Amino acid sequence: MTDQLYQNIKENAAGIDTEGAFPEQEFKWMAAAGLLGNTIADTEKYPIKTASVLKLLKRVGNANLSVGRIYEGHINALKLIDLYGNESQKIHWFKEVKSEKKLFSVWNTQADNGIKIHDLGDGFYRLEGCKTFCSGAGWIDRPLITGELISADKKGWQMCIVPTEKVKPIAVDSSFWKPFGMRASASFKMDFTGVEIQEKDLLGQPDQYYQQPYFSGGAIRFAAVQLGGAEAVLSETQGFLRMLGRTDDPFQQARIAEMTYLVESGNSWLNQAGNNTDNWIKESNSAEKIMVYTGMARTAIAEICTRVMHLSEQCVGARGLMRPNPLERIHRDLTFYLRQPAPDATLTGIGAYVLNQEKTDDLWN
Ligand SMILES: Cc1cc2nc3c(=O)[nH]c(=O)nc-3n(C[C@H](O)[C@H](O)[C@H](O)COP(=O)(O)OP(=O)(O)OC[C@H]3O[C@@H](n4cnc5c(N)ncnc54)[C@H](O)[C@@H]3O)c2cc1C
């Protein structure tokens with residue numbers, strides 16, 4: 001069933017590769033297959049392993065990177081609810097996912113006119129301002145957005161989850177979205193000005209959104225989706241060379257070999273980063289180690305994706321990079337989706353951490 005699901009998503013990818021499109025059918029299939037609620041643990045006794053969530057994200061990314069991007073936002077929102085929601089909020093939002101198949105997302109990115117959350121008193125709040133790069137845009141039922149809380153009692157960067165059908169319509173600016181790739185992620189600009197929410201819609205305390213290691217450690221999830229894209233590039237390249245009968249050439253063999261071990265080393269990074277996160281989170285003072293290790297995995301996977309695309313281009317040549325061959329789209333999508341926040345700061349953070357240690361043996365034990 002699930003293999004067929006991923007196959008269907010893959011086959012539909014070219015059909016929704018347009019600005020303004022959203023993978024509606026894909027999320028219906030995924031909801032029907034139980035993929036919207038399956039990262040929510042039934043009991044705290046049996047937490048979901050991070051490595052298994054990463055594998056899931058990678059498979060969706062392999063099928064279609066835009067679907068993977070939106071799905072990653074959904075899973076990120078559920079994780080933030082799990083971390084910072086009170087008991088009644090968890091029951092409420094998790095029921096909305098499991099029973100009502102509501103789709104969540106996290107929209108934090110903004111430009112000059114970002115979000116302000118004005119405290120109106122008596123448990124009511126009014127939003128003002130816009131978010132950019134809102135993947136899923138108006139198709140998302142429960143966007144988790146962040147903004148500056150303006151209140152006499154408390155201030156900081158506040159999370160809230162907007163119950164879209166219960167508030168004034170959120171203005172959508174799709175003209176913002178003229179991307180190089182990832183068209184079907186529908187990452188529009190959204191104007192929340194005038195939207196009113198209540199105390200129960202606020203998630204966590206101000207500034208908890210940036211709490212470490214969860215904030216930086218979350219980068220491993222987009223790296224998983226990206227690696228799915230690199231896997232798809234390998235698979236399409238191998239298929240293309242077989243189709244042309246160019247499999248005996250030593251240069252092609254050498255390139256395919258390099259692509260294969262690069263992708264497999266990406267799998268090792270994901271697996272190790274997932275397992276380390278689950279183990280280290282139980283230890284005190286482990287936040288920095290988790291952030292640095294995740295940063296290494298994310299950086300290595302970005303390099304792997306870039307190199308795999310480069311080798312693929314050499315393998316298939318110009319005619320392999322033309323529609324209807326899917327490599328044309330996957331290259332655009334992956335190149336664009338590799339642009340994620342703070343790559344330089346992540347790299348220098350790793351270097352600074354290592355230079356701060358007395359010695360470099362056994363850094364990760
Ligand atoms: C397809 C797609 C979907 C997305 N969906 C969402 C979403 O649903 N929700 C959401 O919140 N966000 C989303 N985003 C936004 C994303 O999380 C990042 O914020 C965004 O991609 C970063 O873009 P950038 O490379 O232009 O960033 P920049 O921060 O401008 O980085 C560009 C380069 O400048 C460097 N740099 C950064 N800061 C400085 C500085 N102060 N001085 C000098 N150099 C600097 C960086 O290291 C990098 O090398 C999405 C992005 C994409 C591509």
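Counting starts at 1 for both ligands and their atoms, following the listed order. In this text the structure is predicted, and so the values were computed from the model without any measurement. Below, all heavy atoms of this structure are taken into account, side chains as well, without hydrogens, waters or symmetry copies.
Contacts of S187 with ligand 1, taken as heavy-atom pairs under 4.0 Å, involve the side chain alone. The proximity of R69 to ligand 1, defined as any non-hydrogen pair under 4.0 Å, is limited to the side chain.
A salt bridge links D3 with R59: at least one charged nitrogen is closer than 4.0 Å to a carboxylate oxygen. A salt bridge links E96 with R142: the distance from a Lys NZ or Arg NE/NH1/NH2 to an Asp or Glu carboxylate oxygen falls below 4.0 Å. Ion pairing between K98 and D42 holds under the 4.0 Å rule for side-chain N and carboxylate O. Ion pairing between D17 and R332 holds under the 4.0 Å rule for side-chain N and carboxylate O. Taking 4.0 Å as the cut-off between side-chain N and carboxylate O, E148 and K155 do not count as a salt-bridged pair.
In summary, the aromatic rings of F176 and F188 are positioned with their centroids too far apart to meet the 6.0 Å limit. A ring-centre distance under 6.0 Å is not found for Y209 and Y84.
Not a single heavy atom of S105 lies less than 4.0 angstrom from ligand 1. Distances shorter than 4.0 angstrom do not occur between any heavy atom of G73 and any atom of ligand 1.
Less than 4.0 angstrom separates some heavy atom of Q340 from each of these atoms of ligand 1: 16 (C), 17 (O), 51 (C), 52 (C). Of all atoms in ligand 1, numbered sequentially from 1 with element shown, those under 4.0 Å from a heavy atom of W107 are 8 (O), 9 (N), 11 (O). Against a heavy-atom cut-off of under 4.0 Å, M182 is close to the following atoms of ligand 1: 1 (C).
Closest heavy-atom approach to atom 48 (C) of ligand 1 among the candidates P343, A186, P341: P343.
On a distance-only criterion, N108 and ligand 1 share at least one N/O pair closer than 3.5 Å. When only interatomic distances are considered, the shortest N/O to N/O separation between F133 and ligand 1 falls below 3.5 Å. Remark: ligand 1 and V106 share an N or O pair separated by less than 3.5 Å (distance only, no angle test). By the 3.5 Å distance cut-off applied to N or O atoms, R339 is counted among the residues near ligand 1. At least one N or O atom of T109 sits closer than 3.5 Å to an N or O atom of ligand 1.
With sequence neighbours excluded, the residues forming a side chain to side chain contact (heavy atoms under 4.5 Å, CB included) with M296 are W269, Y293, I350, W364, listed by chain and number.
Cation-pi geometry between K289 and W280 is satisfied (NZ or CZ under 6.0 Å from the ring centre, within 45° of the ring normal).
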